[in-house]
Amino acid sequence: MSSEKTDNDPTLGSEGGAPSEAGATSVPSDSSVHTPSEAGATSVPSDSSVHTPGVVEITAASPSSPPQPAAPTPPPPKKIGERVRDLGLEAWRRARTYFDQPPTFWVAAAPLLAVSLILFTRLPNTNYIFDEQEALLANPYVNRTQGLRFIDAIHRDFWGLPPDRSVGSYRPIPNFFWRLIWHVTKQPFVHHFYNVLFHALVGALISVFAYRVSRRRDVAYLSGFVFVACAVLTEAVSGIVGIADVFGGMGALLALCALTLRGWSMPFGVFAAVTFALFSKESGLVLVPLVPVAALLTAPVLHPDKPSRVARTVASFVAAACAFVLYVELRKRWFPSPLPAELQEELPATATRSQQLVRDFLVWFHQAPLPKDPLNNPLANVEPKLRIAGALRVYARGIGQLLFPKTLSGDYSFPQEPAPETPIFAESVLGGLLMVLPLLAALGFWITAMVRERRARRSVSEKQSVHNTPKSWLHAAWVRPVGLSIFGLSLGLFLLDLLVLKLGASGIAWNFPIPFWFSRSGDGSYWHAIPWPFIGVPFGLLGLGLVAEGGPPIVRTESLEEEVPLARSGLILAAIGLVWMVVSYFPHSNIPVVLPTVRAERFWYFPALGTSMVIAVGFAAAHSFFKKRSLSQVVPVAFGLFFCFQCVQAYRHAMDYRNDLVFWEATKDAVPNSAKAHLNYSVMKGARGDLETRLVESREAMRLAPDWPMAHIYTGDTLCRLHRPTEAWPHYKEGFAIGPNEQSLISLALQCLWDEKVLKEYEKELRELADAHPGSWIAYLAIDTLDNGEKHNGVDPKYRPRGYNEGPKE
């Protein structure tokens with residue numbers, strides 16, 4: 001290729017005016033050549049002729065302008081699919097980087113919070129649904145009525161009722177929290193929203209605990225995600241009253257995390273966490289056996305150089321038991337509920353010592369009598385063997401919902417879960433097996449883990465072992481003897497009182513504030529009398545902690561940074577989870593005591609803490625198994641399907657809480673045999689003016705539960721509001737006869753008959769009903785309204801029921 005000479009701009013370059021890749025152009029050696037280093041081109045005098053093979057001379061447009069490199073050709077725009085792919089790859093890279101971090105509390109909390117917000121957040125225009133109306137709108141404590149002070153949460157139950165009217169739910173911590181927020185806003189969305197936040201924090205605590213046991217990121221993160229997305233927990237998270245379960249679960253996880261502390265501080269952490277759980281929800285009593293079991297199983301992995309299994313287990317048990325005793329004693333002083341009728345009867349003279357001890361414990365522990373409503377709990381009035389069979393059936397179905405939540409509902413009342421006719425059938429047998437087999441499996445897992453731990457320690461020589469524990473005063477030789485001495489003195493106080501003084505020291509008490517500002521009620525004292533032997537309890541716990549930490553270190557199988565093999569840590573977590581599932585559900589099972597309800601999905605909040613760890617370990621173990629066989633994608637796909645199904649069902653059920661009408665419509669569709677679901681849906685439709693639909697649904701409820709007075713009264717009330725009082729009267733009359741003491745229902749019916757100006761037409765029948773039920777509400781209200789209706793314009797206003805979405809009555 002030839003080159004041309006130009007007199008104006010003798011600049012040679014590559015095609016397009018850009019410098020060559022080497023940054024210079026070669027010229028013949030006999031030419032006078034100047035090569036500027038920055039221009040990247042060769043300049044020659046105007047009177048010389050240079051021929052450079054392969055180079056084309058470019059003539060500038062202006063003799064005074066410098067060479068202008070051509071603009072680079074922009075890359076073609078990416079297609080939408082490529083952009084989405086690139087974004088996905090970048091998101092995946094960032095996620096991998098994030099989850100490569102150890103799951104500290106806040107690291108785990110961030111993604112779990114995102115999941116919780118997406119799945120469970122209700123719409124901003126939501127209203128108060130079902131129990132939320134009684135818990136907040138009608139709660140006199142939360143609304144600061146009846147002269148109730150902030151501290152008076154300790155003297156009221158969960159619904160703001162005094163001891164003589166309580167249904168047995170003593171949970172002051174949620175009430176304290178509600179009143180604080182209620183003072184700021186009454187917006188339903190806000191009071192729901194913090195439930196979602198706290199649920200994510202509980203999930204983060206699970207991740208932290210699982211990581212401390214296994215030091216495996218996969219098990220830790222899986223545990224948190226499985227728990228937070230668990231669809232059967234939607235009622236506890238999306239329902240405002242579920243804050244008691246969430247706070248209780250938070251206390252339980254804090255107690256487990258306290259097991260990671262040094263021996264001298266661990267008992268006090270367990271004590272504080274269990275106390276928080278108990279005052280949040282009474283089901284926290286299950287922590288008394290569960291926390292020591294967890295301490296026993298986790299000691300070798302949480303404290304590998306000084307397991308001290310016995311000392312840590314005993315210390316955690318004493319701490320949890322002391323929290324339980326403190327809770328019961330304070331509850332009895334602050335909230336003196338009446339003794340249930342069954343405990344007022346003396347045992348026969350032939351009663352054994354064990355029977356007497358059980359009765360004495362129940363009398364000491366007793367709560368307010370629980371209501372027994374066959375509509376909410378059909379197992380309430382059946383013989384024990386049928387009650388247990390029905391309870392086992394409900395338990396088996398609940399575990400099925402944990403794993404495969406195909407159908408979820410906010411209500412399971414009669415006759416959706418009827419009492420069985422025989423004690424032995426497929427679901428009762430399955431429920432029994434699911435009660436027993438997990439406990440046996442947990443025992444086997446623990447034994448296997450101990451055997452593998454011992455083998456691992458034997459296989460590691462002293463030279464190979466790693467001791468990263470920093471030296472401190474806890475390693476001194478005097479620590480363990482001092483701890484034993486302190487514990488012995490503390491124990492001696494109890495033995496002296498029990499064996500020598502025969503509990504006589506209980507009359508010698510210290511005045512001790514617990515804390516003093518909580519104790520005052522009316523003219524009560526700021527101080528509580530504490531028997532002096534109990535003063536030694538904190539010192540005994542401290543002594544046990546020193547015993548645990550004061551021993552010589554033993555061979556450690558892994559350093560603090562290494563993963564604990566899943567063959568050991570996985571078995572330990574699975575054993576804890578299986579025991580937790582069975583034991584924490586048992587108080588809610590209707591087997592030891594009859595509860596007000598036969599089944600509720602929020603009862604699974606505590607058990608799900610355990611099952612989440614079991615599921616996480618199962619997926620991690622399966623992944624390790626398939627990865628060795630070059631099938632590494634099998635388990636991620638399986639977990640993705642499981643997790644996505646849980647998320648979809650959780651989101652769908654959370655959307656049932658958009659408002660009260662949607663909630664009850666979804667409930668009746670999910671459990672079509674629930675009379676309460678149909679009746680409440682009818683009320684929601686009636687509140688929106690659709691009385692015809694209300695009539696249809698009320699009649700369906702009456703068909704499902706023909707002995708339910710509310711179904712009859714509400715059917716009559718619908719007809720009455722349709723200005724058909726003549727058709728309403730037979731339903732009213734039937735409801736009065738079935739429920740002569742249903743004060744609110746009777747007031748509702750009498751008022752509508754008065755408003756329709758037909759009450760006097762049924763005076764004879766009303767007086768006959770009053771004579772047939774002397775001393776009942778129908779006897780009082782019917783006669784009072786007939787005699788004084790003109791004065792009160794119907795029923796005396798103080799006896800009229802609270803209207804829907806109204807606040808508490810003074």
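Note that the numbering runs from 1 along the sequence shown for the chain.
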Problem - Donor + acceptor pair across side chains of Arg694, Thr718 (<3.5 Å) - result: yes
Exercise for the section: Test side-chain contact (heavy atoms from CB on, under 4.5 Å) on Phe198 and Val237 and set out the steps. Expected result: CA-CA 9 Å; Phe198 289 133; Val237 183; over 6 Å; no
Practice task
Drop me the distance from Tyr211's OH to Leu573's CG, to the nearest 0.5 angstrom.
Solution key: 13.5 Å
Problem - Donor-acceptor under 3.5 Å (Thr126 side chain, Leu123 main chain) - result: no
Practice task
Nearest 0.5 Å please: distance from the CG atom of Leu595 over to the NZ atom of Lys372.
Solution key: 10.5 Å
Practice task
Indicate the ring-plane relationship of Phe227 and His199, choosing parallel, tilted or perpendicular according to the 30° and 60° boundaries.
Solution key: tilted
Practice task
Give, for atom OG of Ser169 and atom CG of Leu370, the distance between the pair rounded to the nearest 0.5 Å.
Solution key: 7.5 Å
Completion exercise
Between Leu375 and Ala705, the two heavy atoms sitting closest are CD1-CB, 4.1 Å
Practice task
Start with the C-alpha distance between Trp178 and Phe158, add both sets of side-chain angles, then the distance that settles ring pair (Phe, Tyr, Trp, His ring centres under 6.0 Å), and finish with yes or no.
Solution key: CA-CA 11 Å; Trp178 277 341; Phe158 190 54; 5.0 Å; yes
Problem - Within 6.0 Å of CZ in Arg93, more than 12 heavy atoms from elsewhere - result: yes
Exercise for the section: Would you indicate whether Arg652, at its atom CZ, is surrounded by more than 12 heavy atoms from other residues, nucleotides or ligands within a distance under 6.0 Å? Expected result: no
Practice task
May I ask you to decide if Ile181's main-chain N or O and Thr185's side chain share a donor-acceptor pair within less than 3.5 Å?
Solution key: no
Practice task
Evaluate the ring pair (Phe, Tyr, Trp, His ring centres under 6.0 Å) criterion for residues Phe414 and Trp708: first the C-alpha distance (whole Å), next the side-chain angles of each, then the deciding distance (0.1 Å), finally the verdict.
Solution key: CA-CA 10 Å; Phe414 180 83; Trp708 189 20; 9.2 Å; no
Handout entry: Closest non-hydrogen atom pair, Ala654 against Thr234
Key = N-CG2, 3.5 Å
Completion exercise
When every non-hydrogen atom of Leu117 is compared with those of Leu197, the smallest separation belongs to CD2-CD2, 4.0 Å
Practice task
First locate atom CG of Leu285, then atom OG of Ser283, and finally report the distance between them rounded to the nearest 0.5 Å.
Solution key: 7.0 Å
Exercise for the section: For residues Phe120 and Tyr651, determine if any side-chain heavy atom of one lies less than 4.5 Å from a side-chain heavy atom of the other. Expected result: no
Practice task
Report the C-alpha separation of Glu417 and Arg393 in whole Å, then their side-chain angles, then the decisive distance to 0.1 Å, and conclude whether the salt bridge (Lys or Arg N to Asp or Glu O under 4.0 Å) test is met.
Solution key: CA-CA 9 Å; Glu417 290 285 353; Arg393 177 191 64 200; 3.3 Å; yes
Handout entry: Pairwise distance CE(Met435) to CZ(Phe586) - rounded to 0.5 angstrom
Key = 6.0 Å
Handout entry: Contacts of type salt bridge (Lys or Arg N to Asp or Glu O under 4.0 Å), residue Lys281, not counting sequence neighbours
Key = Asp245
Problem - Residue pair Cys647 / Ala229: nearest heavy atoms and the distance that separates them - result: SG-CB, 3.9 Å
Exercise for the section: For the pair Gln646 (side chain) and Cys230 (backbone), establish whether a donor and an acceptor sit closer than 3.5 Å, ignoring hydrogens and angles. Expected result: no
Problem - Heavy-atom donor-acceptor pair, Arg387 side chain to Ile591 backbone, under 3.5 Å - result: yes
Practice task
Would you check if there is a donor-acceptor pair between the side chains of Glu601 and Tyr412 at a distance under 3.5 Å?
Solution key: yes
Problem - Within 6.0 angstrom of Phe645 CZ, more than 12 heavy atoms from elsewhere - result: yes
Exercise for the section: Measure the acute angle between the ring planes of Phe619 and Phe642, then classify it against the limits of 30° and 60° as parallel, tilted or perpendicular. Expected result: tilted
Exercise for the section: Decide yes or no on ring pair (Phe, Tyr, Trp, His ring centres under 6.0 Å) for Phe177 and Tyr194, but give the supporting numbers first. Expected result: CA-CA 10 Å; Phe177 191 81; Tyr194 49 69; 4.8 Å; yes
Practice task
For Arg94 and Ala91, indicate whether the former's side chain and the latter's backbone hold a donor-acceptor pair under 3.5 Å.
Solution key: no
Problem - Asn143 side-chain N/O to Asn139 backbone N/O, donor-acceptor pair under 3.5 Å - result: yes
Handout entry: Side-chain ion pair, Asp411 and Arg599, N-O less than 4.0 Å
Key = no
Problem - Residue pair Ser674, Ser413: steps toward the side chain to side chain donor-acceptor pair (under 3.5 Å) verdict - result: CA-CA 5 Å; Ser674 170; Ser413 54; 3.1 Å; yes
Practice task
Report yes or no: does Tyr128 contribute a side-chain atom to a donor-acceptor pair with the main-chain N or O of Ile240 at less than 3.5 Å?
Solution key: no
Exercise for the section: Establish, yes or no, whether the cationic atom of Arg122 lies under 6.0 Å from the six-membered ring centre of Tyr657 and within 45° of the ring axis. Expected result: no
Practice task
Fit a plane to each ring of Trp182 and His191, take the angle between them on a 0 to 90° scale, and name the class: parallel (under 30°), tilted (30 to 60°) or perpendicular (over 60°).
Solution key: tilted
Handout entry: Other residues, nucleotides, ligands: >12 heavy atoms within 6.0 Å of Phe445 CZ
Key = no
Practice task
Could you label the plane-to-plane angle of the Tyr585 and His588 rings as parallel, tilted or perpendicular, counting under 30° as parallel and over 60° as perpendicular?
Solution key: perpendicular
Practice task
Verify the neighbour count for atom CD1 of Ile80: are there more than 12 heavy atoms of other residues, nucleotides or ligands below 6.0 Å?
Solution key: no
Problem - Over all atoms of both residues, closest heavy-atom pair of Ser223 and Ser612 - result: O-CB, 3.7 Å
Exercise for the section: Go through the steps for Thr597 and Asp373 under the test side-chain contact (heavy atoms from CB on, under 4.5 Å), then give the verdict. Expected result: CA-CA 8 Å; Thr597 184; Asp373 182 4; over 6 Å; no
Exercise for the section: Begin with the C-alpha distance, continue with both residues' side-chain angles, and end with the deciding distance and a verdict on side-chain contact (heavy atoms from CB on, under 4.5 Å) for Val107 and Phe99. Expected result: CA-CA 9 Å; Val107 168; Phe99 289 111; over 6 Å; no
Completion exercise
The reported gap from CG in Leu631 to CZ in Phe625 (rounded to nearest 0.5 angstrom) is 9.0 Å
Practice task
Mind running side-chain contact (heavy atoms from CB on, under 4.5 Å) on His623 and Asp218 for me, showing each step along the way?
Solution key: CA-CA 10 Å; His623 185 56; Asp218 54 352; 5.8 Å; no
Handout entry: Any side-chain donor near an acceptor of the partner, Glu700 and His678, under 3.5 Å
Key = no
Practice task
State whether Asp717 and Arg721 are salt-bridged, where the test is any N-O pair (Lys NZ or Arg NE/NH1/NH2 against Asp/Glu carboxylate O) under 4.0 Å.
Solution key: yes
Exercise for the section: Measure from the side-chain N and O atoms of Glu132 to the backbone N and O of Ile129, and report whether any donor-acceptor pair falls under 3.5 Å. Expected result: yes
Handout entry: Expected output: side-chain Trp580 to main-chain Phe606 donor-acceptor under 3.5 Å
Key = yes
Practice task
Identify the heavy atoms of Pro124 and Gln187 that sit nearest to each other, and give their distance.
Solution key: O-OE1, 3.5 Å
Problem - Within-4.5 Å side-chain heavy-atom neighbours: Val579 and Leu439 - result: yes
Exercise for the section: Compute whether any side-chain donor of one residue and acceptor of the other, for His192 and Asn195, lie under 3.5 angstrom apart. Expected result: no
Problem - SB check Glu82 Arg85 (cutoff 4.0 Å) - result: no
Problem - Residues that Asp690 engages under salt bridge (Lys or Arg N to Asp or Glu O under 4.0 Å), provided they are two or more places apart - result: Lys685
Exercise for the section: Validate the cation-pi geometry between Arg179 and Tyr141: distance from NZ or CZ to the six-membered ring centre under 6.0 Å, angle to the ring axis within 45°. Expected result: yes
Practice task
Please check if any side-chain donor atom of Asp660 sits under 3.5 Å from a side-chain acceptor atom of Asn127, or the reverse.
Solution key: yes
Problem - Any donor-acceptor N/O pair, Asp157 side chain to Leu161 backbone, under 3.5 Å - result: yes
